[in-house]
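Lettering follows sequence order; numbering is per chain, from 1. Every value quoted in this text rests on a predicted model; they were computed, and no experiment measured them.
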Number of protein chains: 2
Amino acid sequence: MNPDLLQGVHIVLVGTTHPGNIGATARAMKNMGLSRLWLVQPRHFPHAEASVRASGADDILSAATVCPSLDEAIRDCALVLGTSARTRSIAWPELGIREGARRCVDQAPRGGAALVFGREKAGLSNDELDRCHFLTRIPCNPDFSSLNLAASVQVLSYELRMAAEADVGPAPAFEDPDDRPASAGELGHFYTHLQNLLIRLEFLDPRNPRHLMRRLRRLYNRVHPSRRELNILRGILTACGRHLDTTGGPPRPAP
Amino acid sequence: MNPDLLQGVHIVLVGTTHPGNIGATARAMKNMGLSRLWLVQPRHFPHAEASVRASGADDILSAATVCPSLDEAIRDCALVLGTSARTRSIAWPELGIREGARRCVDQAPRGGAALVFGREKAGLSNDELDRCHFLTRIPCNPDFSSLNLAASVQVLSYELRMAAEADVGPAPAFEDPDDRPASAGELGHFYTHLQNLLIRLEFLDPRNPRHLMRRLRRLYNRVHPSRRELNILRGILTACGRHLDTTGGPPRPAP
């Protein structure tokens, strides 16, 4: 993942009332790898409660820019996404949250993108929404839709990180060869071993096998065991067979 | 969206220290349409701070079940997903967060699913992780990875809702109840049965068990056996134990 993608996305909080929400926002941002925080006319900032809730993300708080208007916060951004819980009487153009996050990340290296969050109670004014290219809405229970402000920032920041991580390289190689998935041939030996033991245990009647081995194959094929796991399973079969040998259990089947 | 999908997903908080996190969890759950909350050995509950942070989700708090062990909380669930921030020395089977949420929603109407969250500082113990079919990890900044507990619940609950909203049409019902996935309790009985047999076979040394049972749990949790499959596996264990009884194998362990 290219961390610069997330550095180009700005989080803008407008008219925040509770300083604890500013701190929790900083923590959520830092957890997800974001760092650019703008505070438009916060009620109280700086504030001890913000620092407590930041819980180690103080660097985000001290680098935050306090400014008097939304226009100033978004001035350098090429894409501005507003967040909203309400359905508006005039429909603003909307983007789904996942698509919105992807566009922000796409935009970040070429001009920057802003995600704008409104006041705890009243959200963004229509005048502020006019500054946004798109609105996005976090899906929620229609009977209890007031997400906490920092929780909204958390969800959007998480989607930004998911979008940034979607540009990933090849899957990591297995460090230990025993962690590799067992081959079909290795599994085949296991099934033969298992079948012979089940016959000796008189659990499987070779004249009337029904679907027993098919069911067991389906089960173990589904689990896709590693070589290490297959070795454990074969070890159990061997231990069981050895006890049958020494204690006079039923004879081994002819090879 | 079928709201019942989210009703079948249980949120389990283990050993929560701060009651505020329990309240914020309830709010996050209700915002996303979840309602079943389990609290395993919470430090303080009920508590005024929990009610304040629930901010209107008091119904979730008053319906929450407090219980003494994780086993009790997940007993009726067919899929148990643990959450973890750390990379573990023994790799538990992992699911990506989006895939994990989708599977929980798929599982909800047929047996229920649980999402398990550990302690604020220490997460889940290895013993608790052994109860989980899969681990899931919220992607985050590796240099600042300690998400707030309620923020983690918020992100996962959001993904559950996204998965539920993407779901079209009802999940296929199982025609035969034996095709249902075995519950965690049924799997627990299987592990006890398997462990007792391995001790009798002298394959497992109870004084030096190493990671054997943990590896076997990981394997069978991953395969997610149906009740029918589990019955076959237990039948094999029983057949094996009966042979040891009649042929003078090692004695049964004391009950």
Side-chain angles (χ1 to χ4, degrees), chain A residues 3 6 24 27-28 30-34 53 55-57 97-98 138-141 143-148 150-151 154-155 158-159 161-162 165 179 197-198 200-203 212 215-216 218-220 222-226 228-229 232-233 235-236 238-240 242-244 246-250, chain B residues 3 6 24 27-28 30-34 53 55-57 91 97-98 138-141 143-148 150-151 154-155 158-159 161-162 165 194 197-198 200-203 212 215-216 218-220 222-226 228-229 232-233 235-236 239-240 242-244 246-250:
Chain A
L6 294 174
R27 180 175 180 180
K30 189 167 179 180
N31 280 141
M32 294 296 131
L34 295 157
R53 294 284 297 281
S55 192
I97 180 170
R98 211 154 268 173
I138 299 176
C140 62
N141 175 359
D143 299 328
F144 190 71
S145 62
S146 76
L147 254 76
N148 168 261
Q154 178 69 67
V155 168
Y158 155 77
E159 280 290 2
R161 188 171 188 94
M162 290 292 271
E165 287 195 354
D179 287 332
L197 182 72
L198 294 180
R200 292 187 71 195
L201 287 170
E202 291 159 5
F203 190 78
L212 183 62
R215 289 193 194 281
L216 286 167
R218 276 171 44 189
L219 179 108
Y220 287 104
R222 208 163 75 230
V223 76
H224 228 215
S226 68
R228 185 195 312 280
E229 288 172 331
I232 294 174
L233 295 176
I236 294 174
T238 300
C240 202
R242 197 168 43 229
H243 270 282
L244 293 181
T246 58
T247 57
Chain B
L6 294 174
R27 179 175 180 180
K30 189 167 179 182
N31 280 141
M32 295 296 133
L34 294 157
R53 293 285 297 280
S55 191
I97 180 170
R98 209 154 271 170
I138 298 176
C140 61
N141 175 359
D143 300 326
F144 190 71
S145 61
S146 74
L147 253 76
N148 167 262
Q154 177 69 66
V155 168
Y158 156 77
E159 280 289 1
R161 187 169 188 93
M162 290 293 271
E165 291 197 350
L194 177 61
L197 182 72
L198 294 180
R200 293 187 70 198
L201 288 170
E202 291 160 6
F203 189 78
L212 182 63
R215 290 193 193 281
L216 287 166
R218 275 170 47 191
L219 180 114
Y220 288 104
R222 204 163 78 230
V223 75
H224 227 214
S226 68
R228 183 195 311 280
E229 289 172 331
I232 293 174
L233 294 176
I236 294 174
C240 201
R242 197 167 46 228
H243 270 283
L244 292 180
T246 58
T247 57

Contact check, side chains of B/Tyr158 and A/Gln154, non-hydrogen atoms, under 4.5 Å: no
Quick one: does B/Arg98's side chain get under 4.5 Å of B/Met162's, heavy atoms only? no
Checked B/Ser226, B/Gly33, B/Ser146, B/Pro225 vs chain A; the most non-hydrogen pairs under 4.5 Å come from B/Ser146
Interatomic distance, CZ@A/Arg242 vs CZ@B/Phe203, rounded to 0.5 Å, equals 8.5 Å
Note: vs chain A, highest number of non-hydrogen pairs under 4.5 angstrom among B/Asp143, B/Leu233, B/Asn148, B/Leu198 is B/Asn148
Between A/Ala150 and chain B, which part of the residue has a heavy atom less than 4.5 Å away: side chain, backbone, both or neither? neither
If you count heavy-atom pairs under 4.5 Å with chain A, which of B/Ile236, B/Ile232, B/Leu6 comes out on top? B/Ile236
Report which part of B/Ala24 has an atom under 4.5 Å of a heavy atom belonging to chain A: side chain, backbone, both, or neither. neither
Choice from A/Leu147, A/Val155, A/Thr238 maximising heavy atom contacts with chain B below 4.5 Å: A/Leu147
Can you see which heavy atom on A/Leu201 is nearest to which on B/Cys240, and at what distance? CD2-CA, 3.7 Å
By a 4.5 Å heavy-atom criterion (distance strictly below it), what part of A/Ala151 contacts chain B: side chain, backbone, both, or neither? both
Check whether A/Leu197 gets within reach of chain B through its side chain, its backbone, both or neither, counting any heavy atom under 4.5 Å. neither
Note: B/Arg215-A/Glu229 ion pair, threshold 4.0 Å (strictly below): no
Check each atom of B/Arg27 against the heavy atoms of chain A and say whether the ones under 4.5 Å are side chain, backbone, both or neither. both
Do you know which of B/Asn141, B/Asn31, B/Val223 has the most heavy-atom pairs under 4.5 Å to chain A? B/Asn31
Can you tell which part of A/Ile138 gets under 4.5 Å to a heavy atom of chain B, answering side chain, backbone, both or neither? side chain
Apply side-chain contact (heavy atoms from CB on, under 4.5 Å) to the pair A/Glu202 and B/His243, showing each step before the final yes or no. CA-CA 10 Å; A/Glu202 291 159 5; B/His243 270 283; 4.3 Å; yes
Taking atom NZ of B/Lys30 and atom SG of A/Cys140, what is their separation to the nearest 0.5 Å? 12.5 Å
Would you mind checking which part of B/Ala28 comes under 4.5 Å of any heavy atom in chain A, side chain (CB onward), backbone (N, CA, C, O), both or neither? neither
